[in-house]
Amino acid sequence: MHPKRKIAYFSVQIFPKKKTNMKRTPIVELLNTAPAEQTVNARGWVKTKRGNNFVNFVALNDGSVIHDIQIVADVAKFDEELLKSLSTGSCISVIGKLVASQGKGQKVEIQADSIEVYGTADPDTYPLQKKAHSMEFLRENAHLRLRTNTFGAIFRIRHALSYAVHSFFDRKGFYYLHTPVITAADAEGAGQMFQVTTLDLKKLPLTETGEIDFSQDFFGSSANLTVSGQLQGEAGALALSQVYTFGPTFRAENSNTARHLSEFWMIEPEMAFYDIQDNMDLAEEFLKACIAYVREKCADDLAFLNERYDKELLERLKFVLENQFERLTYSEAVEILAGSNHHKKGKFQYPVKWGVDLQSEHERYLVEQHFKKPVILINYPKEIKSFYMKQNADGKTVAAMDILFPGIGEIIGGSQREENYDKLMARVRELGMHEEALHWYLDLRRFGSAPHSGFGLGFERMMMFLTGMTNIRDVIYAPRAPKQIDF
RNA sequence: UCCUCCCUAGCUCAGCUGGUUAGAGCACUUGACUGUUAAUCAGGGGGUCCUUGGUUCGAGCCCAAGGGGGGGAGCCA
């Protein structure tokens with residue numbers, strides 16, 4: 001390579017144009033700067049304004065940190081109308097001196113020399129006040145709720161958690177695989193799908209037998225939004241050894257609960273040469289690494305949420321980090337449940353019986369009452385699990401694992417995959433699945449198959465655990481759910 | 001989709017057994033106040049009581065249907 005063509009990726013020199021404006025300093029930096037009457041520029045949105053005839057105090061926030069910086073404005077130095085326009089929600093740029101605060105609530109403040117108003121916010125119509133609002137009200141103002149302390153904290157944590165995910169897998173030698181968002185007919189059976197089409201819904205082309213003729217549709221067959229990247233992930237793992245996906249996932253189920261969304265983000269690692277034990281080890285290490293990262297990176301935001309919403313949040317994060325997850329089989333869990341006083345007193349609404357899927361109340365009992373810590377359940381009856389899971393030697397169970405968290409329920413679902421072509425094919429036929437659509441997936445077992453495992457993590461459920469939010473609609477920018485597509 | 005609760009001022013909520021002109025705090029507005037911390041104090045304006053229909057001399061309140069939202073369940077991550 002010619003020496004002149006060498007590119008310095010990490011130290012790019014930029015030749016600035018002539019400076020016209022003073023450069024903004026993020027409030028997070030200003031709050032951590034020693035005050036020495038240096039001239040600084042802060043820009044952000046007004047939280048509150050207080051004061052008297054002589055001096056006004058503005059709490060300014062730019063989203064860089066949960067704390068506001070206090071702007072001090074001498075009434076005599078500023079136009080009356082300008083000061084009046086600094087109402088809650090307005091956006092301003094302030095140039096002034098960074099000084100030690102005379103007041104008690106903060107260390108530093110800005111003594112304003114000039115204030116420019118970028119955008120006013122009429123107090124009569126601006127929905128947010130300097131008072132606490134209900135989560136329901138904020139949900140109906142999703143475009144503005146980002147400006148509140150609570151949602152600022154939530155979205156800084158959301159970013160940190162995303163970063164923690166990529167960072168963890170990168171350290172472990174995984175590759176980030178971008179699997180398709182639009183897929184062909186439902187192969188996995190993971191639930192109702194959203195259909196994607198360019199056909200004219202008012203004039204659908206029909207075949208001779210009266211069915212809709214998808215050969216005339218955009219892709220030449222029916223198409224849907226993905227419900228999981230797992231099957232494609234397996235193709236990745238059986239080539240790159242360790243991959244993960246992290247993308248939007250769509251389920252058209254009519255679910256109206258505090259822990260379901262129609263559009264959510266899912267993380268799906270898939271690993272060649274991993275058995276179910278390796279899979280569990282990775283999942284536990286992964287969850288702990290993410291929690292540890294966010295706890296360190298977002299200490300202020302977590303402290304705020306702990307103080308305001310959930311006094312046990314920090315304690316719970318610490319507890320999960322310091323304790324081993326309880327691991328047991330489905331059969332053992334059923335025994336514990338059947339032998340519990342809770343069951344004997346008839347307090348379970350649904351029956352506890354081997355072969356039947358555990359209900360929410362059963363999972364909660366195990367996690368919140370019996371073990372009082374995260375639980376990993378493995379080896380479920382094959383009838384209640386997906387076709388691709390590894391069939392155990394007992395002929396009755398599959399190598400599935402679910403990780404259950406307090407207050408949230410299932411946060412991870414995974415399994416070792418069936419790598420044997422004949423066994424997998426038998427299951428596909430047993431369940432009457434569409435072999436044609438699965439040809440490429442079955443091929444993975446015909447050519448260079450290998451033992452492999454993986455799991456799926458609901459990103460927003462992890463967010464609920466980290467933030468203490470009790471409704472999944474409050475940890476995503478704009479929740480998509482039945483009858484809800486605003487913002 | 002099922003069960004259940006809720007809907008009263010911009011926001012949070014009170015409103016008795018069905019009875020005159022529907023209230024409070026915050027927000028807004030006017031005034032007071034030399035450093036406030038959701039500033040404070042005093043005055044003022046502000047209502048389709050979710051909608052429609054019914055019962056009644058009289059409905060915010062009782063009944064029915066519809067709409068929106070919360071909590072729980074199922075499906076799952």
Side-chain angles (χ1 to χ4, degrees), chain A residues 47-59 67-76 84 87-89 99-106 109 111 121-141 148-149 188-192 227-230 246 248-268 283 308 349-350 357-364 384-386 402-405 408-414 455-465 470-476 481-484 486:
Chain A
K47 274 270 165 63
T48 71
K49 186 182 66 174
R50 310 175 274 271
N52 50 45
N53 288 340
F54 301 88
V55 61
N56 277 3
F57 302 93
V58 173
H67 308 295
D68 306 324
I69 195 162
Q70 176 155 283
I71 310 297
V72 185
D74 275 325
V75 171
K84 211 174 149 187
S87 57
T88 300
V99 299
S101 177
Q102 298 168 33
K104 274 177 191 151
Q106 56 284 319
E109 62 193 21
Q111 199 74 47
D122 179 1
D124 285 331
T125 49
Y126 183 63
L128 301 184
Q129 302 160 29
K130 53 182 165 187
K131 236 185 94 172
H133 293 280
S134 69
M135 297 307 270
E136 292 79 17
F137 174 75
L138 292 173
R139 228 170 271 154
E140 285 162 20
N141 292 278
T148 63
N149 287 334
E188 196 199 338
Q192 288 289 111
V227 291
S228 165
Q230 180 203 314
F246 185 174
T249 309
F250 308 88
R251 303 267 167 97
E253 241 103 52
N254 191 9
S255 296
N256 291 290
T257 81
R259 45 181 201 288
H260 286 88
L261 290 169
S262 307
E263 176 183 296
F264 62 100
W265 288 68
M266 190 153 64
I267 296 150
E268 295 177 292
R308 190 67 159 274
Q349 198 190 330
Y350 292 88
D357 209 358
L358 300 180
Q359 301 290 316
S360 281
E361 58 174 352
H362 304 143
E363 295 180 351
R364 293 183 73 139
I384 59 173
K385 288 292 180 183
S386 301
D402 282 0
I403 301 188
L404 310 175
F405 261 36
I408 290 159
E410 186 178 342
I411 197 167
I412 278 182
F455 60 82
L457 168 89
F459 185 70
E460 282 78 16
R461 293 208 178 153
M462 181 88 188
M463 277 296 295
M464 291 172 76
F465 181 73
T470 52
N471 193 318
I472 199 165
R473 298 174 190 200
D474 298 328
V475 297
I476 189 164
K483 303 265 150 48
Q484 190 161 12
D486 272 347

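A quick note: this is a predicted structure, and the numbers were derived from the prediction, not measured. Quick note on labels: first sequence line is chain A, next is B, and so on, each numbered from 1.
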Student: Both distances below 3.5 Å, Watson-Crick or wobble geometry, any strand: find the nucleotide opposite A64(B).
Tutor: U52(B)

Student: Hey, does Val72(A) have a side-chain heavy atom less than 4.5 Å from the side chain of Gln102(A)?
Tutor: no

Student: Does a side-chain N or O of Ser360(A) approach OP1 or OP2 of G74(B) to a distance below 4.0 Å, or not?
Tutor: yes

Student: Looking for any heavy atom pair under 4.0 Å, which part of the strands does Glu109(A) touch: base, sugar-phosphate only, or nothing?
Tutor: base

Student: By the 4.0 Å heavy-atom rule, please label Thr48(A) as base, sugar-phosphate, or nothing.
Tutor: sugar-phosphate

Student: Check every atom of A77(B), G10(B), G74(B) against the side chain of Arg461(A) and return the nucleotide holding the closest atom.
Tutor: A77(B)

Student: Tell me what Gln111(A) touches on the nucleic acid: a base, only sugar-phosphate, or nothing, going by heavy atoms under 4.0 Å.
Tutor: base

Student: Any base atoms under 4.0 Å from Ile411(A), or only sugar-phosphate, or nothing? Heavy atoms, all strands.
Tutor: sugar-phosphate

Student: Closer than 3.5 angstrom, by distance alone: can the side chain of Glu268(A) be matched with the main-chain N or O of Gly229(A) as a donor-acceptor pair?
Tutor: yes

Student: Looking at every strand, decide which applies to Gln359(A) at a 4.0 Å heavy-atom threshold: base, sugar-phosphate, or nothing.
Tutor: sugar-phosphate

Student: Looking for any heavy atom pair under 4.0 Å, which part of the strands does Glu136(A) touch: base, sugar-phosphate only, or nothing?
Tutor: sugar-phosphate

Student: Once you apply the 3.5 Å cut-off to both distances, tell me the Watson-Crick or G-U wobble partner of A77(B), or none.
Tutor: none

Student: Could you check which of G68(B), U34(B), C33(B) has an atom nearest any side-chain atom of Phe54(A)?
Tutor: U34(B)

Student: Under 4.0 Å: is that the gap between some side-chain N or O of Asn53(A) and OP1 or OP2 of C33(B)?
Tutor: yes

Student: Out of curiosity, Asp357(A) CG to Glu363(A) CD, how far, rounded to the nearest 0.5 Å?
Tutor: 7.5 Å

Student: Contact class for Glu460(A) vs. all strands (heavy atom < 4.0 Å): base, sugar-phosphate, or nothing?
Tutor: nothing

Student: Restricting to non-hydrogen atoms, name the atom on Val227(A) and the atom on Met266(A) that form the minimum distance, rounded to 0.1 Å.
Tutor: O-CE, 3.8 Å

Student: Do the side-chain N or O atoms of Asn256(A) get closer than 4.0 angstrom to the phosphate oxygens (OP1, OP2) of G72(B)?
Tutor: no

Student: When you measure from the side chain of Glu460(A) to the backbone of Trp265(A), do you find a donor-acceptor pair of N or O atoms at a distance under 3.5 Å?
Tutor: yes

Student: Measure from the side-chain heavy atoms of Asn52(A) and tell me the nearest of G69(B), C33(B), G70(B).
Tutor: C33(B)

Student: Please determine if a side-chain N or O atom of Arg259(A) lies less than 4.0 Å away from the OP1 or OP2 oxygen of A73(B).
Tutor: yes

Student: Given that both distances must come in under 3.5 Å, which nucleotide forms a Watson-Crick or G-U wobble pair with C28(B)?
Tutor: G44(B)

Student: Please figure out whether Ser87(A) or Asn254(A) has its closest RNA chain B nucleotide nearer the 5' end.
Tutor: Asn254(A)

Student: Using purine N1 to pyrimidine N3 plus N6-O4 or O6-N4 for Watson-Crick, or N1-O2 and O6-N3 for G-U wobble, both under 3.5 Å, which nucleotide pairs with A59(B)?
Tutor: none

Student: Base, sugar-phosphate, or nothing: which does Thr88(A) touch, judged by heavy atoms less than 4.0 Å apart?
Tutor: nothing

Student: Assign Phe264(A) to base, sugar-phosphate, or nothing according to its heavy-atom contacts below 4.0 angstrom with the strands shown.
Tutor: base

Student: Looking for any heavy atom pair under 4.0 Å, which part of the strands does Lys47(A) touch: base, sugar-phosphate only, or nothing?
Tutor: nothing

Student: Ser255(A) side chain: which of G70(B), C75(B), U12(B) is closest?
Tutor: C75(B)

Student: If you look at every strand shown and take non-hydrogen atoms under 4.0 Å, does Leu261(A) touch a base, only sugar-phosphate, or nothing?
Tutor: base

Student: Assess the side chains of Lys483(A) and Asn256(A): does a donor N or O sit below 3.5 Å from an acceptor N or O?
Tutor: no

Student: Who does C2(B) pair with, Watson-Crick or G-U, both distances under 3.5 Å?
Tutor: G72(B)

Student: Below 4.0 angstrom from OP1 or OP2 of C75(B), is there any side-chain N or O of Gln192(A)?
Tutor: no

Student: Using the C1' atoms only, state how far C13(B) lies from U8(B), rounded to an integer number of Å.
Tutor: 9 Å

